[in-house]
Number of protein chains: 2
Amino acid sequence: MKADNQNIKKPGVVIGLSAVIVSVDHRDSGGAGTQAEPMVFIVRGAEHTLSVGVVPTNEDGDALPFGPFDPDSHETPELGLRSWVKDQTPIVPGYVEQLYTFGNRGRYIGQKQDELRVISIGYLALTHQEKTRTSEKVFWGDWYSYFPWEDWRRGKPEMIGTVIEPGLKKWVNAADSAEAKLHRRTRANLCFGLGGIAWDEEKVLERYELLYEARLVYEAVRDKKIKADYTLVPGTSMLYDHRRILATAMSRLRGKLKYRPVVFELMPSEFTLLHLQKTVEAIMGHPLHKQNFRRLVESSGMVEEIPGKKSAAAGGRPAALFRFRRGALLERPSPGMKLPPIGG
Amino acid sequence: MKADNQNIKKPGVVIGLSAVIVSVDHRDSGGAGTQAEPMVFIVRGAEHTLSVGVVPTNEDGDALPFGPFDPDSHETPELGLRSWVKDQTPIVPGYVEQLYTFGNRGRYIGQKQDELRVISIGYLALTHQEKTRTSEKVFWGDWYSYFPWEDWRRGKPEMIGTVIEPGLKKWVNAADSAEAKLHRRTRANLCFGLGGIAWDEEKVLERYELLYEARLVYEAVRDKKIKADYTLVPGTSMLYDHRRILATAMSRLRGKLKYRPVVFELMPSEFTLLHLQKTVEAIMGHPLHKQNFRRLVESSGMVEEIPGKKSAAAGGRPAALFRFRRGALLERPSPGMKLPPIGG
DNA sequence: TTGACTTATGCTCTAATAGAGTATATTACT
DNA sequence: AGTAATATACTCTATTAGAGCATAAGTCAA
């Protein structure tokens, strides 16, 4: 259990903080045509993503905001993230949770590739301030533009059958042995709900990693420096491994929603139940049974009706307005809403 | 989103890998008096825990194994951990999962406290090789010796009523305002299942942090340099923030057991159902209903009976021997065993 | 050899919950 | 007034969870 001190202190190891800042764009207030889209805070262009100034790149593209970890001023990495987000963006996140620490070799590819190792502590942050100033360089991106196959709200995305399944089939058949083929096939089936297996909305990361391995996303083509003479899966790519970090955040958030009342971090102070439902559906990526959702939410005690107040009706009976009951957090050991899985 | 390069590269930031290596000591093979105790791999004495050679301490005590992260030879931090564990210990962990990255200021307290910042990427590793050579300095420690209040297998631990509740009551009453008192009280109730709230076995970390804040564990007395003229909660303390890391691992493992078949990483290749049950109970910290556990496990398809084979009976009808069905992992999207919470 | 004891295993009963659907209420619009 | 749209209340059923009883298959000691 002895080790050389020198190994550790070499220059060229950089610690940074990556943030997946999520909000939900509530297109309108209750009533007819209520819409909700999950958004991620994106910075575009190398000079923004490379705020530590040490990771040169020639590529342009979408990236997650990335800030320095300053051991002198930051008590904890999480406080560091909060202060950096507060200083550098117009966002004040309510909920912040550490996701994962990413430290793969080669995750930052630049001229100094071999010298430099970037360790990123990834965070998930939730906010309901979706109306922030944006520009061409800094904006809220629709998270399903990066992961279109994750959006089952209007049924199974077509590309799964037309692009992903054929692509994976090719990858399965490219395996060496029959054994390896079987292994690849079962993995593909499990991830993408093929062969009678149910789709699991939490497997966002596993699916992305599988597509990467099967070289069906641009990042794989880029990192492995291959020529893609076949159809890639639709979806916006990101710089570095940021799409992987985003996938990690989506998996985590989809899981968390089921047992902790984090949705409310994404809601305005007053909302209708449809409003809340559309927000949950937006995150989970699939539709829910309206009456049962209502029963669930009302019986959970997480929410209280605002007496008298009604939403501005738009094409139907006006809905009651609700607010989050902060007190509920103090009454039950692990409040949340048990959400059903998608019907496979 | 610009930052100074200098902030990052200062010397005095060390990245290390901490491992919570868990095994279960199966005291005997099925039959009467079957016992199981969860164990953690412990190193005692500063020279072992400080293998990076940069964190001086005067104290002696139990610590988690800690290894360097070497950007030159480690493709990923997880591979770094695996290789370091393999080289430096007799353990070959099967399952490894990243837990959390700890980087609080002051988590390593030494002469150079203000200069040095240690960032530890914490890992949870599971193994069933509990029979490894040990010494006075390196051994398997009973994890309930560090967290005796977490063991409800033989009912509610007495110390909760005799030491923890009174200690927390004092802490509640020491709050400034009535509001703050109420807040502290509800927090204590939620954590420790007081006032009619059910005990939640997953809140290991929250409970430890509460005890720390209420200065009822030695680490708080040590870090805050106060004089403890009152009774501390029983339980072995650890160096640095290692008991917090262990608590994080326990929380994670208790949660994971409910939806992923990780128990089998802790089992020998053949086992009886009682054996399996005792192992789950050991991790979860509370007893389970035997017949229902059997129904659950058998219907899950995670396990198959070994035809003909029976356990060596010890005082009763011999039990059938089972083995883990690896194939089950490939059949269902998220296999596991839904475990009931402790009856509040 | 038999009866007491111990553990394993099979089965039943009941309460709670989840999933799906029907029915009615309240609004706007034509 | 009638139609469309949404909100809300309620019902029905299948599944699951929690608890306990009954029987099986061994050991051990008198």
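Residue numbers start from 1 in every chain, and the chains themselves are labelled A, B, ... in the order their sequence lines are given, proteins ahead of strands.
- Remark: C1' of dG26(D) and CG of Leu274(B) are 15 Å apart, rounded to the nearest angstrom.
- Closest heavy-atom contact between Glu281(A) and Leu288(A): OE2-N, 2.8 Å.
- Distances were taken from every side-chain heavy atom of Gln291(A) (C-beta onward) to each of dA25(C), dT22(C), dA25(D); the shortest belongs to dT22(C).
- Side-chain proximity of Arg295(B) to dG10(C), dA19(D), dA9(D): nearest is dA19(D).
- Counting to the nearest Å, the P atom of dG19(C) and the NE2 atom of His286(A) are 10 Å from each other.
- Annotation for Glu201(B) and His286(B): closest pair OE1-NE2, 3.6 Å, computed over non-hydrogen atoms.
- Following rounding to the nearest Å, Glu305(A) (CD) and dA9(D) (C1') show an atom-to-atom distance of 13 Å.
- The NZ-P distance, from Lys258(A) to dT17(C), rounds to 19 Å in whole Å.
- Regarding Leu321(B), its CG atom lies at a distance of 17 Å from the P atom of dT7(C), rounded to whole Å.
- In this structure, Ser23(B) and Leu266(B) approach most closely via the heavy-atom pair CA-CD2, 3.9 Å.
- At the phosphate of dA5(D), neither OP1 nor OP2 sits under 4.0 Å from any side-chain N or O atom of Arg317(A).
- Rounded to whole angstrom, the span from the NE2 atom of His289(B) across to the P atom of dT12(C) amounts to 16 Å.
- In this entry the distance linking CG of Leu288(A) with P of dA18(C) reads 13 Å, nearest Å.
- Here dT8(D) is the nucleotide among dT8(D), dA17(D), dG20(D) with the atom lying nearest to any side-chain atom of Ala319(A).
- Checking dA19(D), dA9(D), dG26(D) against the side-chain heavy atoms of Asn292(B) singles out dA19(D) as nearest.
- Using a distance-only test at 3.5 Å, with no hydrogens or angles considered, a donor-acceptor pair links the side chain of Tyr144(B) to the main chain of Ala282(B).
- Rounding to whole angstrom units, CG of residue Leu296(A) and P of dA9(D) are separated by 15 Å.
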